[in-house]
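Reckoned from all heavy atoms, side chains included, excluding hydrogens, waters and symmetry mates. Ligands are counted one by one from 1 in listed order, and the atoms in each one are counted from 1 as well. Predicted, not measured: the structure shown is a model, and the values here were computed from it.
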Amino acid sequence: MEVRARAPGKIILVGEHAVVHGSAAVAAAIDLYTTSSLSLLHEGEDGGAGAVELDLRDSALVFSWPCSSLRRALGEVSGKAGAPTPCSPDELAAIAKLMEGQEIPEAKIWLSAGLSAFLYLYTSILGCRPGKVVVTSDLPIGAGLGSSAAFCVSMSGALLTAAGTVGVGGGSGVEEWELFGKDDLELVNQWAFQGEKIIHGKPSGIDNSVSTFGSMIKFKKGELTNLKSRNPVKMLITDTRVGRNTKALVAGVSERASRHPDAMASVFHAVNSISEELSSIVELAAEDEIAITSKEDKLAELMEMNQGLLQCMGVSHSSIETVLQTTLKYSLVSKLTGAGGGGCVLTLIPTLSANIVLEKVATELESHGFRCFKVEVGGRGLQVCRG
Ligand SMILES: Nc1ncnc2c1ncn2[C@@H]1O[C@H](COP(=O)(O)OP(=O)(O)O)[C@@H](O)[C@H]1O
Ligand SMILES: C[C@@](O)(CCOP(=O)(O)O)CC(=O)O
Ligand SMILES: [Mg+2]
């Protein structure tokens, strides 16, 4: 049996980093996906005693662990159907040892966090039984669009479906994407969060939640509120192509917060107010051109204010500043999205803006070596297909 699960990336409209410290944030799914395709094998089917294989198609890298080594390192784990137990320090150390035998190219050493999350999810859900997972993704990795969460959500979705834990009774037998019910999605989300913890250290949970449930959400202290966005929100995304790592950036903000607790508490409080205000504005229905423009002006101003506060947190970057200055020449407002330090920048596209302006701004941004693309905002979350 093959199970394919796909999960979207996301944009954070406002509230990144502050959300880790208890403020509200607003995020939306985008139409770029990571897909995990899982085939379970029987011992001996591959001519050997069986192995767990991870094929990262986009990187042209395949990793493999004999089931016998997994059992030696992790014990006779039997797989778990219910809610996850967090990865213990001992388990994490055993997984780190299993990584030693793998040949990860130096330039892609950042993949090791994803591989560790994979081994944790696979062995915890299915035990040490042989199987093969092929992963493909439309998302740039490590660029602020939530590739780590999409990886963990699609992987958890595929593994839990194969284990028969979620999606029981669903599916029509023909190849089509299937949506899960709320309880199944909750369970997938809990597992994906544990995977995110291995990759990020201290995630807020916003990325895995929006990737699992889709749509546009407000997220605060683990609580998710679905936002009904009454008018389309259009965003241009600019990938600065400056690599960065969410774990290090999140840790940097926490260190700044422990050096300046009062000042940073005020910054986080201001972000919370921005997210709350933006949430209520997106839910307002604007009927005519004047109302739409006034609504978009408010969204743009809140995004601009949030960008200033992200600079206060120390997570902007010269490449991000270049995008801000370039789009401002065309009276367009931008802010970083995700962890910052490079990665992607959002530019709000007003409904009434002329296509020619957009083409000009994209051309100028690309002349700096950046990559621009448009995304659909607020679409579906996890979907599964059984072949
Ligand atoms: N398709 C993938 N295959 C393997 N690992 C992945 C994949 N997507 C994400 N990851 C893991 O997630 C990390 C990137 O996560 P992160 O730094 O949070 O950035 P972002 O989530 O914004 O893309 C990568 O370094 C890798 O370990
Ligand atoms: C910085 C943060 O708010 C978002 C990180 O998103 P990304 O991994 O950069 O896509 C961290 C979090 O909320 O877990
Ligand atoms: Mg991430």
Check whether any N or O atom of V19, backbone or side chain, sits under 3.5 Å from an N or O atom of ligand 2, and answer yes or no. no
Numbered atoms of ligand 2 (with element) below 4.0 Å of P203, judged on heavy atoms: 14 (O)
With distance as the sole test, does E366 use its side chain to make a donor-acceptor pair with the main-chain N or O of C372 at under 3.5 Å? yes
Apply side-chain contact (heavy atoms from CB on, under 4.5 Å) to S279 and T225, showing your working. CA-CA 10 Å; S279 308; T225 313; over 6 Å; no
Give me the ring orientation class for F370 and H368: parallel if the planes are under 30° apart, tilted from 30 to 60°, perpendicular past 60°. parallel
Got a salt bridge between K234 and E376, using NZ or NE/NH1/NH2 to carboxylate O under 4.0 Å? no
Taking 4.0 angstrom as the limit and counting only heavy atoms of L145, give me the atoms of ligand 2 inside it, by number and element. 10 (O)
Nitrogen or oxygen atoms of K10 and ligand 2 under 3.5 Å apart: yes
Can you name the atoms of ligand 2, numbered from 1 with element, that are less than 4.0 Å from a heavy atom of G338? 6 (O), 9 (O)
Look only at interatomic distance and state if G144 has a nitrogen or oxygen under 3.5 Å from any nitrogen or oxygen of ligand 2. yes
Would you check whether E196 reaches within less than 4.0 Å of ligand 2, judged by its heavy atoms? no
Within the 4.0 Å heavy-atom cut-off, what D207 brings close to ligand 2 is side chain
Between D207 and ligand 1, which part of the residue brings a heavy atom under 4.0 Å of the ligand: side chain, backbone, both or neither? neither
Sub-4.0 Å heavy-atom approach of A143 to ligand 1: yes
What are the atoms of ligand 1, with element, lying closer than 4.0 Å to any heavy atom of L56? 3 (N), 4 (C)
Atom indices of ligand 2 within 4.0 angstrom of I206 heavy atoms, with elements: 13 (O)
Structural part of H200 in contact with ligand 1, heavy atom criterion under 4.0 angstrom: side chain
Number the atoms of ligand 2 from 1 as they appear, then name those within less than 4.0 Å of a heavy atom of T246, with their elements. 5 (C), 7 (P), 8 (O), 9 (O)
Any atoms of ligand 2 less than 4.0 Å from a non-hydrogen atom of H200? List them with their elements. 8 (O), 14 (O)
Run down the list G142, S204, A150, A25 and name the one with the heavy atom closest to atom 13 (O) of ligand 2. S204
Apex the Mg ion (ligand 3); atoms S148 OG and H200 NE2; angle rounded to 10 degrees: 90°
Salt-bridge present (E364, K360; N to O < 4.0 Å): no
Is K298 salt-bridged to E277, cutoff N-O under 4.0 Å? no
Interatomic distance, CG@L382 vs CG@N189, rounded to 0.5 Å, equals 10.0 Å
Cluster question for you: counting only ILVMFWY and a side-chain heavy-atom cut-off of under 4.5 Å, with indirect links fine, are I30 and V26 together? yes
Should you measure from each heavy atom of R244, which atoms of ligand 1 turn up under 4.0 Å away? 17 (O), 19 (O), 22 (O)
Considering both backbone and side-chain atoms of S137, is one of its nitrogen or oxygen atoms within less than 3.5 Å of a nitrogen or oxygen in ligand 1? no
Donor-acceptor pair, side chain of Q102 and main chain of S64, under 3.5 angstrom: yes
Check R386 with E178, please: is the shortest side-chain N to carboxylate O separation under 4.0 Å? yes
Carboxylate-amine/guanidinium proximity below 4.0 Å for K335 and E16: yes
Side chain, backbone, both or neither: F151 near ligand 1, heavy atoms under 4.0 Å: side chain
Do any nitrogen or oxygen atoms of G205 come within less than 3.5 Å of a nitrogen or oxygen of ligand 2? no
H317 meets the ring pair (Phe, Tyr, Trp, His ring centres under 6.0 Å) criterion, sequence neighbours left out, with none
Sequence-distant partners of S147, side chain to side chain contact (heavy atoms under 4.5 Å, CB included), two or more places apart: L139, I141
Check each of K247, K202, R244, K197 against atom 9 (O) of ligand 2 and report the one with the nearest heavy atom. R244
Between T246 and ligand 1, which residue portion shows a heavy-atom distance shorter than 4.0 Å: side chain, backbone, both, or neither? both
For G146, counting its heavy atoms only, list the atoms of ligand 2 lying under 4.0 Å from any of them. 10 (O)
Aromatic plane relationship, W191 with Y120 - under 30° parallel, 30 to 60° tilted, over 60° perpendicular: tilted
Let me confirm one number: the CD-OG distance from E91 to S116, rounded to the nearest 0.5 Å. 11.5 Å
If you measure every N/O of E16 against every N/O of ligand 2, is any gap under 3.5 Å? no
Any nitrogen or oxygen of S147, main chain or side chain, under 3.5 Å from a nitrogen or oxygen of ligand 2? no
